[in-house]
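Letters A, B, ... are given to chains in the order of the sequence lines, protein chains preceding strands, and every chain is numbered from 1. Just so you know, these numbers come straight off a predicted model, no measurement behind them.
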Amino acid sequence: MPLLAMSTLPIEQHLKPIQTALSEHNRLILVAQPGAGKTTRVPLTLLNSQWAQGQKILLLEPRRVAARLAASFMAAQLNEPIGKTVGYRMRGDSKVSSDTRLEVLTQGVLTRMLQDDPLLEGVAGIIFDEFHERSIEADLGLALSLDIQQSVRDDLRLVVMSATLDVAALTNVLGRDTCVIESTGREFPIDTYHRPLGGDETLDAAAYRVVTEALANVDSRDVLVILPGVAEITRLVQMLENSAFDVEVRALHGGMSIEAQQAALRLHETRQRVIVATAIAESSVTVDGVNVVIDAGLERVPLFQPQTGLTRLTTRRVNRASADQRRGRAGRQQPGTCYRLWSQEQPMVAYGEPEIAQADLSRLALEVARWGARSPEELVWMTPPPNGAWQSSQALLRQLGILDTVGLLTPLGKQSARWPLEPRLAVMLSKAASLNAVPLACALAALLEGRERVSGSLRDALAQRLGQSRRFPQWQRETQRLMDMASLKLPDKLPLEPLSCLLAIAYPDRVGQFISPGRFKLANGKTATLSASHLLANEAFIVAVSVESASSEAAIYLAEPIMQTALIDLYPETQQWEERVTWSDAQGKLLGEAVQRHGELVLARRPLAELSREAVQQALLSALKQRPAALFNGKVKQLRGRMALVASLYSDVWPDWSESALLDSLDVWLAPYMTGITRFSQLEKMPFHSYLMATLSWDEQSHFERLTPPSIMAPSGNQASVDYEPCLTGRPPVLALKLQEAFGWQDTPTVADGHMPVVIHLLSPAKRPLQVTQDLRSFWVNGYPEVRKEMRGRYPKHPWPEDPMTAQATASTKRHKV
DNA sequence: CTCTCCCT
């Protein structure tokens, strides 16, 4: 990288304002484009501030390479070796001394420093560089830093630096009076051309077409092609190598070893390079010599699915900030060209979703609990963790034994938090000691956490590494680091035996039980498949380690077989034989069995000869809850309607007889009558309404009967029953009777001590409804003459008197009277 | 049959 003279850096003019701002405020947002010099100039300037005297400043970088580079550049500025005034600190590597006042950290180190010393003593300020990348770790670091600044360290300076940033959103979090300083960038001009895919053109073909166009341009130096994934990269590399172009074709993606990546980045002495890369080239590595970028405009990202706890890869369009960042790669050293494989009209969102909005949050949930917060609301977030993913992560942590029911860390959780691993693997290491398998657990964690792709058998992959560790330097370094933390040395020979047990500790929710060849039911209830020819396709139990959620069923990429007995030993809760009595519709009776359960899986079962009274009762009650229609029969509906009416008129002491309340209290009001009941057919014939009445005292019962009489005597002398079911929906009760029976009633009859007139359904002799009224007097006067005229002809044998209010009521025809 | 990055 050509070093620009200090005075020419665009950031230079802002240094004084930055210093002034931070002498008065404790929060600052600095927006500066790449090449502005902010990463190296700002920290060194702040080091001389009054407020920083005798204290440290921390500079956060998203990547190790960036952290080392920034530290060495600044140390060189001071003519000092790294580790004197300027040092760095990252996983497994640090160069700091007692003289160090500026520490360049990778983000995870800050989290750990904060957790270990929540006062952050001796630190005057924290600078978050490249904050626009919005990693979970950076978001968490900022949330925790804001928390201590607000509670105990109002002297702590926080600076958020970024190339492109949603300033409005960040200002919302940091507060209105946060200083915002913007600096322009320093970039060579870049010509942008849009080259969308043709009608039925594939991405491969379009990429090849545009590479051809770029290579034909005499101004082109090395060409960087950015594609969404390894598959696309492999295909394009193949096409270019088979072509007539005299170019050096190189693939570049994160699945490659560091050594292979460095080889791909090396300039070629004579040949023009075409580097075909994933989004790794967007920000993680700098590709020198490039002045042409061809951007497919796509990215492949993992989306966490809270319902299944699995992550799914999806390909989608990049946002404008990413696209501009990619284009910028063409203009770092000279004027350049960018070809975009989409049309200029295609809409783009300004910013991408931050990682916290779409990733697995289990490590975040662990850190928040370790901080002592029981919910994310106790902290301030730029983007709060989404509720679904949060709940799902908390459920996993509880299942792993890390989190207690209140939401704080258990002793196992505290122990596990110290391992720099995802929670599953951290718990595995914490528990490995009891299996006498810490070295194996370290080797396994290094393998699973690492970025080397393991395919085929996990056991073979591990055996291979243990046998020839020198061939796998990254894995070996990681394993050794974990072993150092455990104060152990990796032995020469290591038995692989408790391998599947270790996996079952880390992935309890992904234990799978055989359904049919290649298909397994997972403990989380989801069905997952192995390819049918897979070696493990016929195992009774497996632990699925790597699972990708697909649209229908999940796909298992990596699994190990496990013995059923091992599962029962591992999960203490399964050792309880759980009595389970279920109602079988097919057999028409209760079936009893004792089961050993793990999640949704039944590991073992045996039939129960005798069913306990309690179990039978519970089974019947739960069967009743499944079929509530059997409970809420006509009589119960009437009773509930009467109670609904009474409760609406007299709010005082009447009980809640809603369906949900009654179902929830079956144990109280129904169970006492169930002695000797063993079948559903007996249960559904029980007089539920009597039991409900019996829950009322004698006084209440007689009051209730008086307020809501089941029937009212009509003038004819007949008892007409009152239908209280409408009261369940807030309507008045209904009294249905033949019109002739109502003769002599001057006014509408009432219930509830005269407070509630009933709705009268007056019926024809054929019991067809003639009139519905709640005002009988008005009907006799206004409606009846018309009805009489019409009905007299049709029912001549029935009486149709002219004055119904005084006429003799009757239930029968004229003949009897005559 | 799969993105990327990071951790006393």
In whole angstroms, how far is the P atom of B/dC1 from the CZ atom of A/Arg235? 12 Å
Does a side-chain N-to-carboxylate-O contact under 4.0 Å join A/Asp295 and A/Arg327? no
Identify which nucleotide among B/dC6, B/dT2, B/dC3 has an atom closest to any side-chain atom of A/Arg63, counting heavy atoms from C-beta outward. B/dC6
Between P on B/dC1 and CZ on A/Arg300, what's the gap in Å once rounded to a whole number? 13 Å
Using a cut-off of 4.0 Å on non-hydrogen atoms, how would the nucleic acid contact of A/Met90 be classed: base, sugar-phosphate, or nothing? sugar-phosphate
Indicate, with a heavy-atom threshold strictly under 4.0 Å, whether A/Arg316 touches base, sugar-phosphate, or nothing. nothing
Atom CZ of A/Arg68 with >12 non-hydrogen neighbours under 6.0 angstrom: yes
For A/Leu366 and B/dC6, what is the distance between atoms CG and C1' respectively, to the nearest whole Å? 15 Å
Quick one: does A/Arg326's side chain have a donor or acceptor within less than 3.5 Å of a partner on A/Val293's backbone? no
Applying side-chain contact (heavy atoms from CB on, under 4.5 Å), name anything that partners A/Gln261, two or more places apart in sequence or on another chain. A/Leu252, A/Met256, A/Ile280, A/Val285, A/Arg451
Looking across every strand, which nucleic acid part, if any, lies under 4.0 Å from A/Ser546 by heavy atom: base, sugar-phosphate, or nothing? base
Side chain to side chain, A/Thr39 and A/Ile127, heavy atoms closer than 4.5 Å: no
Can you check the A/Leu313 CG to B/dC3 C1' distance for me, whole Å? 6 Å
Please report, rounded to the nearest Å, how far the P atom of B/dT4 is from the CD atom of A/Glu449. 16 Å
Taking the side chain of A/Ile280 as its heavy atoms from C-beta onward, which of B/dT2, B/dT4, B/dC3 lies nearest to it? B/dT4
Could you tell me the separation between the CD atom of A/Glu282 and the P atom of B/dC3, rounded to a whole number of Å? 16 Å
Give, ordered by number, those residues of residues 415-423 of chain A having at least one heavy-atom distance below 4.0 Å to an atom of DNA chain B; if nothing qualifies, reply none. A/Arg418, A/Pro420, A/Leu421
Name the residue closer to the 5' end of DNA chain B, choosing between A/Ala231 and A/Arg363 according to the nucleotide with the nearest heavy atom. A/Ala231
Identify, between A/Leu105 and A/Leu252, the residue whose nearest nucleotide on DNA chain B lies closer to the 5' end. A/Leu252
Roughly, in whole Å, what's the span from CZ in A/Arg317 to P in B/dC3? 20 Å
Within the structure provided, determine whether A/Ile275 and A/Leu265 are in side-chain contact (heavy-atom separation under 4.5 Å). no
When you measure from the side chain of A/Thr278, which nucleotide among B/dC6, B/dC1, B/dC3 comes out closest? B/dC3
side-chain contact (heavy atoms from CB on, under 4.5 Å) involving A/Arg459 - partner list, sequence neighbours excluded: A/Ser457, A/Leu496, A/Glu497, A/Leu499, A/Glu560
B/dT2 P sits how many Å from A/Glu299 CD, rounded? 18 Å
